[in-house]
2 protein chains.
Amino acid sequence: MPNKKDIIKTLKDKGYRCTNQREAILDVLLNNENHFISAEDIYIKTKKYYPKTNFSTVYRNLEVLDNLGVIHRTNTDGKKAMYEIICEDSHHHHIICKSCGKTEIVDFCPFLNIKEKFSNDGFKLTDHKFELYGYCEKCNEDN
Amino acid sequence: MPNKKDIIKTLKDKGYRCTNQREAILDVLLNNENHFISAEDIYIKTKKYYPKTNFSTVYRNLEVLDNLGVIHRTNTDGKKAMYEIICEDSHHHHIICKSCGKTEIVDFCPFLNIKEKFSNDGFKLTDHKFELYGYCEKCNEDN
DNA sequence: ATGGCTGCAAACGTTTTGCACTTTT
DNA sequence: AAAAGTGCAAAACGTTTGCAGCCAT
């Protein structure tokens, strides 16, 4: 569980301010821990905390948070990006249902196995993406 | 190396036709084996084989090929999708340079380690994505 | 009071679509 | 001849941007 105060401190240390909109967006992300959420859903939920938040503001803040390493951005389906707050003490991956979009956590991380292997390959590794796709029990039954 | 004739047979078996455009797109993908290529680059290259090919046709065909499991589609950067022809006899993943986009093949596949583990978790696994990101030797030097 | 942040609306790049026509089977 | 596939242009979609005004520091 990432600490909200720590994140806000990180922001301030970097010269960023703590606006109502930014805090609301952060709250949405924190409440959605361990699950991907789209920019649009973040926008909708953020408006419940701070109704006059604008969609552009959401995108601008997601970029800031991504650059600071507070959130993780990915493209699971190829269309819209998905976001998730980063929990240093529980690095994980996802299994995603191709039918309903339901996700579950996968604790296994292949990066640990391969990290050293590539350290001397010219490439300097920084990130990795590991996602499993399939059909969840429910969607599997429906077909 | 996927066999062009086999792919065309698969297409025909499913009721798809073999048009000049479709064959040209397939040729581009086959010539680009083991590398991701964007829809736009496929379009540009396809026009060299069959000049009157339209961009919509490229997209429509990429969707057909993706649905048939002939190609693999991914979003490395979150903007445009990237495509690659699937080689059953050389399944692999990629390491991608975040600066210049250069890619290299990674033989290691984490899916093999995890496959059984999830077969009885309700989820029926079908696909997986494993991508490594970092900076290649050249881009690393430049910074 | 300064500089970061926001709302708005317009623009952007990628991808998809409707429709009339063409091509493969 | 029938059905799939295409070209074209327009629309859709997610996302980004310029700018004037606002707000946290």
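Residue numbering restarts at 1 for every chain, and letters A, B, ... go by the order of the sequence lines.
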- Message: Nearest 0.5 angstrom please: Leu29(A) CG to Ile37(A) CD1, how far?
- Response: 7.0 Å

- Message: I'd like to know whether the aromatic ring centres of His94(B) and His72(B) sit less than 6.0 Å apart in this structure.
- Response: no

- Lys12(A) side chain N/O closer than 4.0 Å to the phosphate oxygens (OP1, OP2) of dT25(D)? yes

- Query: Rounded to whole angstrom units, what separation is found between the OH atom of Tyr59(B) and the P atom of dG7(D)?
  - Reply: 15 Å

- Which nucleotide in the set dT6(C), dT16(C), dT23(C) lies at the smallest distance from any side-chain heavy atom of Lys79(A)? dT16(C)

- Describe the nucleic acid contact of Phe55(A) in one word from base, sugar-phosphate, nothing, applying a heavy-atom distance below 4.0 Å. nothing

- Taking only the side-chain nitrogens and oxygens of Gln21(B), find out if one of them lies under 4.0 Å from OP1 or OP2 of dT23(C). no

- Can you tell me the distance, in whole Å, between the CG atom of Leu62(A) and the C1' atom of dT16(D)? 13 Å

- Message: Considering every strand and a 4.0 Å limit on heavy-atom distances, what is the contact class for Thr53(A): base, sugar-phosphate, or nothing?
- Response: sugar-phosphate

- Query: Taking atom C1' of dC5(C) as reference, at what distance in whole Å does atom OH of Tyr50(A) sit?
  - Reply: 11 Å

- Message: Applying a 4.0 Å non-hydrogen cut-off, can you work out what Arg60(A) is touching in the nucleic acid: base, sugar-phosphate, or nothing?
- Response: base

- Query: Side chains of Glu84(B) and His92(B): donor-acceptor distance under 3.5 Å anywhere?
  - Reply: yes

- Would you indicate what Glu63(A) reaches in the nucleic acid, counting non-hydrogen atoms under 4.0 angstrom: base, sugar-phosphate, or nothing? nothing

- Just say parallel, tilted or perpendicular for the rings of His91(B) and His93(B), cut-offs at 30° and 60°. perpendicular

- For the side chain of Lys80(B), starting at C-beta, report the closest nucleotide among dT2(C), dC8(D), dT14(C). dT14(C)

- Distance (rounded to the nearest 0.5 Å) between Lys98(A) NZ and Leu125(B) CG: 10.0 Å

- Task: Could you state the atom-to-atom distance from CG of Asn20(B) to P of dA4(D) in whole Å?
- Result: 19 Å

- Item | Pairwise 5' ranking along DNA chain D for Arg17(A) and Val64(B), keeping only the more 5' one | Val64(B)

- Query: Is the distance from OP1 or OP2 of dC5(C) to the nearest side-chain N or O of Thr57(A) less than 4.0 Å?
  - Reply: no

- Note on the structure: Between OH of Tyr83(B) and P of dT14(C) the distance, given in whole Å, is 12 Å

- Name the closest nucleotide to the Arg22(B) side chain, picking from dG7(D), dG5(D), dG7(C). dG5(D)

- In whole angstroms, the gap separating C1' of dC5(C) from CG of Leu65(A) amounts to 13 Å

- Ser56(A) near the nucleic acid: base, sugar-phosphate alone, or nothing, with a heavy-atom cut-off under 4.0 Å? base

- Calculate, to the nearest 0.5 Å, the distance between atoms CG and OG1 belonging to Asn20(B) and Thr57(B) respectively. 11.5 Å

- In whole angstroms, the gap separating C1' of dC21(C) from CG of Asn54(B) amounts to 13 Å

- Note on the structure: Walking DNA chain C from its 5' end, the first of Tyr16(B) and Val58(A) to be reached, judged by nearest nucleotide, is Val58(A)

- Per Ala39(A) side chain, nearest of listed nucleotides dT15(D), dT25(C), dT25(D): dT15(D)

- Message: If I take atom CG in residue Asn75(B) and atom P in nucleotide dG14(D), what distance separates them, rounded to the nearest angstrom?
- Response: 13 Å

